[in-house]
Visitor: 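Before anything else, here's the structure in question.
Since the model is a prediction, treat every value here as computed from it, not as a measurement. Side chains are part of it too, since the values below use all heavy atoms of this structure and drop only hydrogens, waters and symmetry mates.
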Amino acid sequence: MGLTGSGLLILAVVLSVLSVAATVWLWPRLAGRGWLPVLGRLLALGVTQVLMLCTLGIWANDYFSFYSSWHDLLGIGGGPVAVQAAVPGAGSKPGARGAVQMLGQETVGSDGIGLRAPDQVGRLDRVRIPGHVTGLTTDGYVYLPPQYFQPAYARDRFPVIVVTTGFPGDAKNLVTKLQYPSIELGLIQQGKVRPMVQVLMRPSPSMPRDSECEDIPGGPQAETYFTADVPLDVEGSYRVRTDAAGWGAIGDSTGGYCSLKLAMRNPAVYTTAAALSGYFEAAHDITTGDLFGGSTLRRDEADLVWRLEHLPPPPVSLLLATSKEDGASYAQSQAFAALVRPPTTVAEATVPTGGHNFTTWVRLLPAALGFLSDHLAPPAP
């Protein structure tokens, strides 16, 4: 039985209810004096409390996808993985190409992904993206749109969007909760977006530490991972564009901050970015530790508002998508947009209601994917 999904949660709820019922039924029999009745009462309360806590933990994990499998929870790896053959190409970013490791393929039954022919619905690969430059590694997914498998596009390279979750979310959220592959497929079928390859992953390749997509002095080089390792691996494994005009980033919350930062600081790699309820300066808490080695300048440079006020604007296109009821995010987005000047461009997408959650982001996603499609270079030989 998998760690996520309804099966384990239903079992935990049933066991919790049965334990409460058994405790109520047995309590009169355990009301006597002596060490045996006392031990019985302690055991009944302990089992009930443990089962209820487990049920809450399973529910929270199923909703937020902190851990996607028992192996993930226990920190043990699977068997050997095959390395997908590299696809040669010209004009890549500097450095030797790597390759993603193929872990399998996923099914999205509601759309037939994994069930119907790839040239009709695309394909969702479960992958591991090793960092040949940084030594960091993270697991995620790659969605290939149906055109990737169609004869008319056989020689074309496709634009790429790197999609990141909030922290500490799992990449599976992007498939099941935010439905990135399904929504893009629907928009392609409606003729509203051009086909784009999606690379879906966590925003931190240094879990459980939240790196905020920063190259940490003496620590994980997360920004380099996203600007060197990820492009080189994906370009070495799939038929994708290798120019900056073909690469964009999008994410929610922490992933939104990372997407904007990656584009603003690395316009030679990412020319377009969209943030769903993103923020504009690096978090600082127990999960991040000291991201900047005590350097005020490094912290300032990671503050996107400070960059607009003190540095030349980069040639990138940005989208800020949020809800008017998501108070801090909406107000910060408005203030950020007011500071933007050419050659940076900014657009905004808002919904009138909704909080900082999946439901709101799913409503914003079609507009965000449309923005990325409009600003990224199309598939081309």
Visitor: Of all heavy-atom pairs between Ser277 and Ser329, which one has the smallest distance, and what is that distance?
Guide: CA-OG, 3.3 Å
Visitor: Can any side-chain N or O of Asp119 pair as donor or acceptor with the backbone N or O of Phe149 at less than 3.5 Å?
Guide: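 Checking the backbone N and O of Phe149 against the side chain of Asp119, no donor-acceptor pair under 3.5 Å is found.
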Visitor: Consider only side-chain heavy atoms of I, L, V, M, F, W and Y, link residues closer than 4.5 Å, and tell whether Val230 and Met264 are in one cluster.
Guide: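 Cluster IDs for Val230 and Met264 differ.
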Visitor: Quick one: does any side-chain atom of Thr176 pair with a main-chain N or O of Lys172 as donor and acceptor, under 3.5 Å?
Guide: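 Yes, because the side chain of Thr176 sits within donor-acceptor range (under 3.5 Å) of the backbone of Lys172.
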Visitor: Answer with yes or no whether the side chains of His356 and Ser253 bring together a donor and an acceptor at under 3.5 Å.
Guide: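 Indeed, the side chains of Ser253 and His356 share at least one donor-acceptor pair under 3.5 Å.
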Visitor: Quick check on Arg155: does its CZ atom have over 12 non-hydrogen neighbours (other residues, nucleotides or ligands) under 6.0 Å away?
Guide: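 Open.
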Visitor: Keeping the roles fixed (side chain from Asp326, backbone from Thr322), state whether a donor-acceptor pair exists under 3.5 Å.
Guide: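 Not confirmed, Asp326 side chain does not pair with Thr322 backbone.
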Visitor: On a heavy-atom basis, which atom in Val127 and which in Tyr141 lie closest, and how many Å separate them?
Guide: CG2-N, 4.1 Å
Visitor: How close do Val162 and Met201 get, counting heavy atoms only, and between which atoms?
Guide: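 Distance-wise, the nearest heavy atoms are CG1-SD, 4.1 Å.
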Visitor: Testing the basics here: between Leu185 and Gln120, what is the closest heavy-atom pair and its distance to 0.1 Å?
Guide: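 That would be CD1-O, 4.1 Å.
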Visitor: What are the two closest non-hydrogen atoms of Ser323 and Gly354, and how far apart are they?
Guide: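 So the two residues come closest at OG-O, 2.6 Å.
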Visitor: Less than 6.0 angstrom separating the ring centers of Tyr148 and Phe158, yes or no?
Guide: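 Tyr148 vs Phe158: aromatic centres under 6.0 Å.
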Visitor: Does a side chain donor of either Asn266 or Glu223 reach within less than 3.5 Å of an acceptor in the other side chain?
Guide: yes
Visitor: Quiz question: by atom type and distance under 3.5 Å, do the side chains of Thr271 and Trp247 form a donor-acceptor pair?
Guide: no
Visitor: I'd like to know if Leu319 and Val340 are part of one continuous hydrophobic network [Ile/Leu/Val/Met/Phe/Trp/Tyr, side-chain heavy atoms within less than 4.5 Å].
Guide: no
Visitor: Report the residues that fulfil salt bridge (charged side-chain N to carboxylate O under 4.0 Å, His left out) with Arg307, sequence neighbours left out, ordered by chain and then residue number.
Guide: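 Partners of Arg307 by the salt bridge (charged side-chain N to carboxylate O under 4.0 Å, His left out) criterion come out as none, since no residue qualifies.
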Visitor: Between Ile188 and Val163, is there a shared hydrophobic cluster once you connect ILVMFWY residues whose side-chain heavy atoms come closer than 4.5 Å?
Guide: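 Shared cluster, yes.
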Visitor: Please confirm whether the backbone N or O of Thr134 pairs with a side-chain atom of Asp229, one donor and one acceptor, at under 3.5 Å?
Guide: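 Side chain of Asp229 to backbone of Thr134, a donor-acceptor pair under 3.5 Å: yes, one is there.
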Visitor: Determine yes or no for a side-chain-to-main-chain donor-acceptor pair under 3.5 angstrom, with Asp290 supplying the side chain and Gly294 the backbone.
Guide: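 Such a contact is found between Asp290 side chain and Gly294 backbone.
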Visitor: Measuring from atom CZ of Phe358 to atom CG of Leu174, what distance do you get when rounded to the nearest 0.5 angstrom?
Guide: 8.5 Å
Visitor: Ion pair present between Arg202 and Asp170, side-chain N to carboxylate O less than 4.0 angstrom?
Guide: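 Salt bridge: yes.
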Visitor: Quick one: are Pro366 and Lys192 in side-chain contact, heavy atoms under 4.5 Å?
Guide: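 Side chain of Pro366 against side chain of Lys192, heavy atoms only: no contact under 4.5 Å found.
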Visitor: What pairs with Thr107 under side-chain contact (heavy atoms from CB on, under 4.5 Å), at least two apart in sequence or on another chain?
Guide: Leu115
Visitor: Determine, step by step, whether Phe371 and Ile250 satisfy the side chain to side chain contact (heavy atoms under 4.5 Å, CB included) criterion, reporting the C-alpha distance in whole Å, the side-chain angles of both residues, the deciding distance to 0.1 Å, and the verdict.
Guide: CA-CA 11 Å; Phe371 174 86; Ile250 180 174; over 6 Å; no
Visitor: If the condition is ring pair (Phe, Tyr, Trp, His ring centres under 6.0 Å), which residues does Tyr330 pass it with, not counting sequence neighbours?
Guide: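 Testing Tyr330 for ring pair (Phe, Tyr, Trp, His ring centres under 6.0 Å), a comparison that skips the adjacent residues, returns none.
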Visitor: Take Arg128 and Val100, measure what side chain to side chain contact (heavy atoms under 4.5 Å, CB included) needs, and give me the verdict at the end.
Guide: CA-CA 6 Å; Arg128 179 165 297 149; Val100 304; over 6 Å; no
Visitor: Give a yes or no on whether the backbone of Leu144 and the side-chain of Gln198 come within a donor-acceptor separation of less than 3.5 Å.
Guide: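 Side chain of Gln198 to backbone of Leu144, a donor-acceptor pair under 3.5 Å: no, none is there.
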Visitor: Could you please spell out the steps behind the side chain to side chain contact (heavy atoms under 4.5 Å, CB included) verdict for Phe292 and Leu297?
Guide: CA-CA 9 Å; Phe292 308 106; Leu297 177 60; over 6 Å; no
Visitor: Without hydrogens or angle criteria, can the side chains of Thr165 and Asn173 be said to hold a donor-acceptor pair below 3.5 Å?
Guide: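 No pair is found: no donor N or O on one side chain lies under 3.5 Å from an acceptor on the other.
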Visitor: Determine whether Pro378 and Arg194 make a side-chain contact, defined as any pair of heavy atoms from C-beta on separated by less than 4.5 Å.
Guide: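 The answer is yes, as the side chains (C-beta and beyond) meet within the 4.5 Å cut-off.
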Visitor: Give the C-alpha distance, both sets of side-chain angles, the deciding distance and a yes or no for side chain to side chain contact (heavy atoms under 4.5 Å, CB included) between Ser204 and Phe167.
Guide: CA-CA 8 Å; Ser204 180; Phe167 183 86; 4.2 Å; yes
Visitor: Could you state the interatomic distance from CG (Leu304) to NZ (Lys261), rounded to the nearest 0.5 Å?
Guide: 7.5 Å
Visitor: Can you find a heavy atom in the side chain of Tyr270 that is under 4.5 Å from one in the side chain of Thr227?
Guide: yes
Visitor: Can a donor-acceptor pair be found, under 3.5 Å and without considering hydrogens, that links the side chain of Asp303 to the backbone of Glu281?
Guide: no
Visitor: When Ser317 is tested against each of Thr344, Asp374, Thr345 for side-chain hydrogen bond (donor to acceptor under 3.5 Å, both in side chains), which residue passes?
Guide: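 Looking at Thr344, Asp374, Thr345, the match for Ser317 under the side-chain hydrogen bond (donor to acceptor under 3.5 Å, both in side chains) is Thr345.
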Visitor: Charged N to carboxylate O below 4.0 Å: is that the case for Glu214 and Arg265?
Guide: yes
Visitor: Do we see a donor-acceptor contact under 3.5 Å between the side chains of Asp210 and Thr288?
Guide: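 There is no such pair between these side chains.
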Visitor: Rounded at 0.5 Å granularity, tell me how far CD in Gln147 sits from CG in Asp156.
Guide: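 Spacing of CD (Gln147) from CG (Asp156) equals 10.5 Å.
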Visitor: Under a 4.5 Å cut-off applied to non-hydrogen side-chain atoms, are Val108 and Ser110 in contact?
Guide: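 Side chain of Val108 against side chain of Ser110, heavy atoms only: contact under 4.5 Å found.
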Visitor: Kindly indicate whether the side chain of Thr254, heavy atoms from C-beta on, has any atom under 4.5 Å from the side chain of Glu212.
Guide: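 With C-beta onward as the side chain, the pair touches.
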Visitor: Passes ring-ring contact (aromatic ring centres under 6.0 Å, His included), Tyr257 versus Phe280? Steps please.
Guide: CA-CA 6 Å; Tyr257 166 69; Phe280 301 93; 8.2 Å; no
Visitor: Answer yes or no: is there a side-chain heavy-atom contact under 4.5 Å between Leu124 and Leu200?
Guide: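 Counting from C-beta outward, Leu124 and Leu200 do come under 4.5 Å.
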Visitor: When hydrophobic residues are tied together by side-chain contacts of less than 4.5 Å, even through go-betweens, does Val269 share a cluster with Val316?
Guide: no
Visitor: Out of curiosity, Gln179 CD to Glu184 CD, how far, rounded to the nearest 0.5 Å?
Guide: 13.5 Å
Visitor: Taking side chain as C-beta onward, heavy atoms only, is Tyr225 less than 4.5 Å from Thr138?
Guide: yes
Visitor: If hydrophobic clusters are built from ILVMFWY residues whose side chains come within less than 4.5 Å, do Leu291 and Met207 share one?
Guide: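 Shared cluster, no.
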Visitor: Any non-hydrogen side-chain atom of Pro205 less than 4.5 Å from a side-chain atom of Thr137?
Guide: no
Visitor: Shortest non-hydrogen contact from Ala244 to Ala268?
Guide: CB-O, 3.2 Å
Visitor: Do the side-chain N and O atoms of Thr48 and Thr23 include a donor-acceptor pair separated by under 3.5 angstrom?
Guide: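 Yes, a side-chain donor-acceptor pair sits under 3.5 Å.
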Visitor: Whether Arg298 and Asp300 form a salt bridge (side-chain N of Lys/Arg under 4.0 Å from carboxylate O of Asp/Glu) is what I want to check.
Guide: no
Visitor: When you measure from the side chain of Arg126 to the backbone of Leu103, do you find a donor-acceptor pair of N or O atoms at a distance under 3.5 Å?
Guide: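 The answer is yes, because a donor-acceptor pair under 3.5 Å joins these two groups.
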Visitor: Could you tell me whether Arg241 and Asp243 have a side-chain N and a carboxylate O separated by less than 4.0 Å?
Guide: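 Salt bridge present between Arg241 and Asp243.
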Visitor: Rounded to the nearest 0.5 Å, how far apart are CZ of Arg157 and CZ of Arg239?
Guide: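 The CZ atom of Arg157 sits 8.0 Å away from the CZ atom of Arg239.
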Visitor: Hey, what do you get for OG1 (Thr272) to CD1 (Ile161), rounding to the nearest 0.5 Å?
Guide: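 Between Thr272 OG1 and Ile161 CD1, I get 11.0 Å after rounding to 0.5 Å.
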Visitor: For Asp111 and Ile113, indicate whether the former's side chain and the latter's backbone hold a donor-acceptor pair under 3.5 Å.
Guide: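 Checked: no pair found.
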Visitor: For Leu51, does its backbone N or O pair with a side-chain atom of Ser16 as donor and acceptor, under 3.5 Å?
Guide: yes
